[in-house]
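One structure is given below, encoded as structure tokens.
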2 protein chains.
Amino acid sequence: MRKNITIQDVAEHAGVSMMTVSRVLNKGGNVKDSTRQKIEQAVQDLGYRPNFAAKNLSSGRKNFIGVLCFEPNSPYVSQFLFGCLRYCSEVGYHLIVEENNADRLLDSKLQALCSGVDGVIVLPPLSEDKSLLERISAFNIPYVCVGQQHMALQDKFHSTVSIDEQQAAADLTSSLIEQGHTRIGFISGDKSQGVTQLRLAGYQQALQQHKLSIQPELIAEGDFSYKSALSATEQLLSLKDKPSAIFASNDEMAAAVMAVVHKHQFAIPKDISVVGFDDTSIATMVWPQLTTVRQPFVEMAKAAIDRISGQNPDAKTLLPSSITCRESHGQAAN
Amino acid sequence: MRKNITIQDVAEHAGVSMMTVSRVLNKGGNVKDSTRQKIEQAVQDLGYRPNFAAKNLSSGRKNFIGVLCFEPNSPYVSQFLFGCLRYCSEVGYHLIVEENNADRLLDSKLQALCSGVDGVIVLPPLSEDKSLLERISAFNIPYVCVGQQHMALQDKFHSTVSIDEQQAAADLTSSLIEQGHTRIGFISGDKSQGVTQLRLAGYQQALQQHKLSIQPELIAEGDFSYKSALSATEQLLSLKDKPSAIFASNDEMAAAVMAVVHKHQFAIPKDISVVGFDDTSIATMVWPQLTTVRQPFVEMAKAAIDRISGQNPDAKTLLPSSITCRESHGQAAN
DNA sequence: CTGAAAGCGCTTACAG
DNA sequence: CTGAAAGCGCTTACAG
């Protein structure tokens, strides 16, 4: 195992001091251009790679980010964590993932987490748990609430990263309307979560913009779980005047919609269009593949991490979302 | 932000030297029992938490583990990564995840990865890519092939962590037979992968043990993708003498089996039982929930990491698996 | 069974 | 614009 190349080696190779190399490496200003170039050349030549452990130790920064999630194995969380992982390895941060699906997260556990990280990313639905946020806030480290557009607390450490949930839901609904659908069923998420209201509001907003009336019978209640959408779909399909499209508030529920629709011998999208929300991995594991709102997981992770590292000063980041069109939607049957 | 508690503080508190504290902390021997207790008490009192950065820097260990995967967002990989993450945060390792789903992983990228980690975990199907393993092997760091029972290379850095694939498949098949199923359809995985053969062999072994004949028409070809199982299932259901149960070689394909079975108006499990393999998150996102072989992801991750850290000397670890019984299987209809 | 010394590779003040 | 010094919190030899 050959010796590691250190900043010292680079300095010697370039004929400068370690300090100057450090400046160049950290993109600091105040370095003569010719010096900078010499150093960059040396880094190239030697194949220098920074030692994160040394960096952390001397800077006092932890270079750890805590992620607090409810259900680590859900597609949403997996997808988001992957985004974090990817960006982390780019910028030298490491992840500590903590789950909090039982009761109240123990003070000792929270303390252990918060004292070992530079900041905390809180995933939904925990990002709406005001009392949890207050406890995190007490540690005076930045924390980012994901999927949560509204600031729950007023303190300088609090920030949010999300898409415009309502607009996204409205856009998806509009695209259905533009394909001739006038009876669009909607399956809502867990009542206690803010996004549930926003997505429903987006659905209603689109209907109104297109001069369609809002029919309460077309709105069925789910809770974001596969199971809940099973009965919600049965309910929608039992209507004498059935919907020609169903908008489920997340992909898991959309998968359930598809199962029930198929069970009733309807073709998708010929008889009934089905759309979801999130664009998690399940969207391509159903048949036909699901049209859904794409959450920009990688960008969200990046924005959250940048915020913690101080690169992103925005207390409130609203990322653009888009519709991922696949095969589960089509022209309304007539 | 209050000062961090260091090993120095603990030493003073306990009235010993840093060195002795370090010994106790690292579970080294040669410490008098009374001394050990004093130190453990001091650790408690002060709420000492080790500084990983300092540890790494002084020990020369990187404390990074590389994970090489094909498709980071697949349920299998998500599940495994989660297992890693959990154990890593316990033992102070950090993860660098690299995907290699394009062509040949660039030498520069592989070099960057391997030179920054203590070892590499290779996930299927990459764990069967002999030329890739040879290139990793050249870096003289431990690497663990997951889901791969057979050693591809003969070198001291190579090891494997998996379950007994064939036995698990045989057990699952047997449980179906014991419920009265005599015509069991089987959907195989990607032909080029070793596990595909092992799971098929397990299926056949169970049939033979129960004196049932192997019917080639009951074996349909898939490739582990949802899509491939769609047509494979159609094929099985078009048989004049239909199977009363279908065993898909992974959960994604089992989900596809269910979609097609429902489409054909058969009830699960009343008319047809469906079982899968892996017990990934999708197993509980189908209806009815899927009976499947449980891969012990957390234990596999632990074994792999232990191997890299030198805690696990086994070059070949075979972990026990089990059957997770849910609602998708039942007595054969007669 | 215990300890004093040196050093891991970097950054943070502080000078100039 | 550049550098010399000290130190981050631990571990690795080496003594005794």
Side-chain angles (χ1 to χ4, degrees), chain A residues 1-40 42-43 46-64 91-94 115-116 118 309-310, chain B residues 1-40 42-43 46-64 91-94 115-116 118 309-310:
Chain A
M1 208 142 299
R2 73 181 186 306
K3 192 181 161 304
N4 287 320
I5 312 288
T6 74
I7 215 174
Q8 184 70 266
D9 301 323
V10 176
E12 279 170 21
H13 191 95
V16 296
S17 75
M18 283 168 54
M19 201 44 243
T20 309
V21 176
S22 176
R23 280 198 190 87
V24 171
L25 257 23
N26 295 299
K27 319 206 183 307
N30 287 6
V31 180
K32 212 200 296 172
D33 237 29
S34 61
T35 312
R36 179 183 303 277
Q37 276 166 24
K38 260 193 312 193
I39 292 173
E40 276 163 357
V43 167
L46 268 37
Y48 168 78
R49 303 180 56 77
N51 179 319
F52 289 124
K55 243 175 132 123
N56 304 353
L57 184 56
S58 60
S59 68
R61 268 176 46 182
K62 316 269 185 186
N63 279 46
F64 273 92
V91 293
Y93 269 113
H94 316 303
S115 64
D118 296 307
S309 72
Chain B
M1 207 143 301
R2 76 184 183 304
K3 193 182 160 306
N4 287 320
I5 311 288
T6 75
I7 214 174
Q8 182 69 267
D9 301 323
V10 176
E12 280 171 20
H13 191 95
V16 297
S17 75
M18 283 168 53
M19 202 42 245
T20 308
V21 177
S22 176
R23 278 198 191 87
V24 172
L25 257 23
N26 296 298
K27 320 206 183 305
N30 286 8
V31 180
K32 211 200 298 172
D33 238 29
S34 62
T35 313
R36 180 183 303 278
Q37 276 166 25
K38 259 193 313 192
I39 293 174
E40 276 163 357
V43 167
L46 268 38
Y48 168 78
R49 303 181 55 79
N51 179 320
F52 289 124
K55 246 178 134 119
N56 303 353
L57 184 57
S58 60
S59 69
R61 270 175 43 183
K62 315 271 184 183
N63 278 45
F64 272 91
V91 293
Y93 270 112
H94 316 302
S115 65
D118 295 307
S309 72

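To find a chain, count down the sequence lines: A is the first, B the second, and so on, and within it residues start at 1.
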Could you tell me whether a side-chain N or O of [X] sits under 3.5 Å from a main-chain N or O of [Y], the two making a donor and an acceptor?
X	Y	result
A:Ser59	A:Lys55	yes
B:Ser58	B:Ala54	yes
A:Asp9	A:Thr6	yes

Dot-bracket encoding per residue of DNA chain D, Watson-Crick/G-U cut-off under 3.5 Å, | denoting interstrand: |||.||||||||.|||

Options C:dC10, D:dG9, D:dT11, nucleotide nearest the side-chain atoms of A:Asn51: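 Of C:dC10, D:dG9, D:dT11, C:dC10 is nearest to the side chain of A:Asn51.
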
From D:dC10, C:dC8, C:dT11, nucleotide with atom closest to B:Leu57 side chain: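 Within the option list, the nearest is C:dC8.
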
Separation between OG of B:Ser17 and CD of B:Glu12, rounded to the nearest 0.5 Å: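 Answer rounded to 0.5 Å: 11.5 Å.
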
Heavy-atom donor-acceptor pair, B:Ser58 side-chain to C:dC8 base, under 3.5 Å: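 Under the 3.5 Å cut-off, the side chain and the base do not form any donor-acceptor pair.
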
Interatomic distance, A:Ile7 CD1 vs D:dA4 C1' [rounded to whole Å]: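 Spelled out: CD1 on A:Ile7 to C1' on D:dA4 is 15 Å.
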
Validation row: A:Leu25, A:Tyr48 side chains within 4.5 angstrom (heavy atoms):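 Yes, close enough: below the 4.5 Å cut-off.
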
Side chains of B:Asp118 and B:Tyr93 in contact at under 4.5 Å (non-hydrogen atoms):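 When only atoms from C-beta onward are counted, B:Tyr93 and B:Asp118 do touch, with a gap below 4.5 Å.
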
Please list, for nucleotides 1-3 of chain C, all pairs of protein and nucleotide N/O atoms separated by less than 3.5 Å.
| residue | atom | partner | partner atom | Å |
| --- | --- | --- | --- | --- |
| C:dT2 | OP1 | B:Thr35 | OG1 | 2.4 |
| C:dT2 | OP2 | B:Lys32 | N | 2.9 |
| C:dT2 | O4 | B:Arg23 | NH2 | 3.3 |
| C:dG3 | OP2 | B:Ser17 | N | 3.0 |
| C:dG3 | OP2 | B:Ser17 | OG | 3.0 |
| C:dG3 | OP2 | B:Thr20 | OG1 | 2.6 |
| C:dG3 | O6 | B:Arg23 | NH2 | 2.6 |

